[in-house]
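Reading through the structure tokens given below for one structure.
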Protein chains: 2
Amino acid sequence: MTQERPDLRERKKRATQEALREAALRLALEHGTANVRVADIAEAAGVSPRTYNNYFSSREQAIVAAVTARREARIAEATAAQPAHIPLADAVTTAIVQVYTTPGDDDHPALLLIATDPALRHAFLDTTAGIEAPLTTAMARRLGHTDQDTARILAASVTAAVRIALERWLRPATGSAAGLVVPTGSLPDLLRDALAPLAPALDAAR
Amino acid sequence: MTQERPDLRERKKRATQEALREAALRLALEHGTANVRVADIAEAAGVSPRTYNNYFSSREQAIVAAVTARREARIAEATAAQPAHIPLADAVTTAIVQVYTTPGDDDHPALLLIATDPALRHAFLDTTAGIEAPLTTAMARRLGHTDQDTARILAASVTAAVRIALERWLRPATGSAAGLVVPTGSLPDLLRDALAPLAPALDAAR
DNA sequence: ACGCAAACTTGCGTGCACGCAAGTTTTGCC
DNA sequence: GGCAAAACTTGCGTGCACGCAAGTTTGCGT
């Protein structure tokens, strides 16, 4: 795997990125999304506001990144890890369910926050697009490199389906009272249901 | 059809919207995308800058809207117009090809502009998402209302495929020289190819 | 015809994204 | 070890998106 990056530069970059992410999330949880200025995040992470903007192009993006970081890489790994002989639809579904139902255990409060705020919700759903590229290559590999274009289309469709599942998962949270927000409304089931209609197309690709 | 809206208010709104759209496009074509201030567009349309922002939330959106206006409505019509007995995949493909290959004849210069500017290209591709809702209802109707959720997933997948086709269509434009930009690289073929992998899933929905 | 309520416009203020042109750190090479 | 190029950070300036609270226009019931 392409995993070696002990470059000093690279490590610093990752560190700054993480500092920004976590500062953003922490401040948002402490003071509420609306009361977090970009300047605050930058200061808390020990960099200039301008640098913050070199890493994220919106407050929402930074906050949400604390939860979605590394998801793309995990998707790639999980898909590659599926046994080669099972049908594509099963492989993809399993991989996705696996990644999305193993969140960092400490980010439940974060998900609650995201579910509450419309802007955050939107930003969160947008990050789903990030899995398209890794999915494309993983699926292309499975399809024997013969049809790069088909893989791309199918990956994009899967991505769209996942987005819809997440959308549905977060929607109930907007409901009246507070109760147990972030409904945990069986994300795995939502994902499986969303992916099911695509199975014929996935398995038709030889 | 829900087509009656001769409300005075409604007419004024449409008029303002159109004025803004066309002002934006005209100015962009005349002076180049980078040299168009929001204030200019607003002035050219005869409204305040603040009002401009009530209609569009970015310059790119306004410019691109001049080309994509009413596409959503046309998608709905075209899909509904397909004979009920042909397979879903064929119906959808035909409808989409029809809509995307019948652009306003006078907007070829606009497409050239869009193909040139990365920000505009992005904004243009983003408008594709607008066809998802109409597609969903049109497809749900065909599927006999039995499976609203499936329709949504399939519509989203189709939308993703269309986006990719448009992406490919616009990509060659970034190439070296200028030559015949907006390659007209057979958009219909690109669309058909992009939709083909989804056919099994579309036809599996009963 | 009148008037109230809802919809739309506008000016203002705030925070923000991002290009640009220095400064600063890291790297690779001799 | 030292130095030149590449990568990254930072301050500054500009244009922008959008909330808010008037002001204005349109719709509608009586």
Side-chain angles (χ1 to χ4, degrees), chain A residues 4-25 27-28 30-65 116-123 126-127, chain B residues 2 4-21 23-25 27-28 30-65 116-123 126-127:
Chain A
E4 330 304 325
R5 291 244 122 170
D7 208 324
L8 209 191
R9 263 219 183 82
E10 196 62 26
R11 270 181 290 152
K12 275 201 170 182
K13 262 176 70 172
R14 299 247 189 236
T16 320
Q17 227 254 15
E18 180 173 338
L20 282 169
R21 266 193 262 137
E22 307 216 330
L25 177 58
L27 293 177
E30 282 179 14
H31 307 108
T33 321
N35 306 318
V36 182
R37 309 259 163 287
V38 161
D40 305 335
I41 303 179
E43 194 188 19
V47 296
S48 84
R50 187 58 183 83
T51 292
Y52 152 86
N53 259 315
N54 289 340
Y55 284 86
F56 299 102
S57 48
S58 82
R59 253 185 359 283
E60 294 76 21
Q61 205 174 108
I63 297 174
V64 155
T116 302
D117 185 297
L120 285 185
R121 221 161 40 216
H122 196 255
D126 276 354
T127 65
Chain B
T2 2
E4 332 301 326
R5 289 244 121 169
D7 207 325
L8 208 192
R9 265 220 179 75
E10 196 63 25
R11 269 179 292 153
K12 275 201 170 183
K13 261 177 69 172
R14 300 246 189 237
T16 317
Q17 227 256 14
E18 179 173 340
L20 281 169
R21 265 193 264 137
L25 177 57
L27 292 177
E30 282 178 13
H31 307 110
T33 321
N35 306 318
V36 180
R37 310 258 162 290
V38 161
D40 305 335
I41 303 179
E43 193 187 20
V47 296
S48 84
R50 187 61 183 81
T51 292
Y52 151 86
N53 260 314
N54 289 340
Y55 284 86
F56 299 102
S57 48
S58 81
R59 255 185 358 284
E60 293 77 20
Q61 203 174 109
I63 297 173
V64 155
T116 301
D117 185 295
L120 286 185
R121 222 160 40 212
H122 196 254
D126 276 353
T127 65

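Smallest separation of non-hydrogen atoms from A/Ala119 and A/Asp117: N-OD1, 2.7 Å. Minimum interatomic distance between A/Arg50 and A/Asn54 (heavy atoms only, all atoms of both residues): NH1-OD1, 2.8 Å. The nearest pair of heavy atoms linking A/Arg59 to A/Val36 is CD-O, 3.0 Å. A/Gln61 and A/Ser57 get closest at one heavy-atom pair: NE2-OG, 3.2 Å. Closest non-hydrogen pair, B/Leu20 versus B/Val47, comes out as CD2-CG2, 4.0 Å.
Residue A/Lys13 places none of its side-chain N or O atoms closer than 4.0 Å to OP1 or OP2 of D/dA7.
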How would you summarise protein contacts on nucleotides 19-30 of chain D per nucleotide, using B for base, S for sugar-phosphate only and - for none, with heavy-atom distances below 4.0 Å? BB----BBS---

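Two residues are said to be in side-chain contact when any heavy atoms from C-beta on lie closer than 4.5 Å; A/Tyr55 and A/Lys13 meet this criterion. Looking only at side-chain heavy atoms (C-beta outward), A/Arg21 and A/Leu25 stay at 4.5 Å or farther from each other. Residues A/Tyr52 and A/Glu43 have side chains not in contact (no heavy-atom distance under 4.5 Å, counting atoms from C-beta outward).
Sorted by residue number, the members of residues 51-63 of chain A with any non-hydrogen atom under 4.0 Å from DNA chain C read A/Tyr52, A/Asn53, A/Ser57, A/Ser58, A/Arg59. Using a 4.0 Å cut-off on heavy atoms, the residues of residues 37-45 of chain B that approach DNA chain D are B/Arg37, B/Val38, listed by number.
Going from atom CZ of B/Arg11 over to atom P of C/dC8 covers 15 Å, rounded to whole Å. Residue A/Leu27 contributes atom CG, which lies 16 Å from atom P of C/dG15 at whole-angstrom precision. Taking atom CG of A/Leu20 as the reference point, atom C1' of D/dT10 lies 14 Å away to the nearest angstrom.
Rounded to the nearest 0.5 Å, atoms CG (B/Leu120) and CD1 (B/Ile63) are 5.0 Å apart.
In summary, B/Arg14 and B/Glu10 engage in a salt bridge, as defined by a charged side-chain N under 4.0 Å from a carboxylate O.
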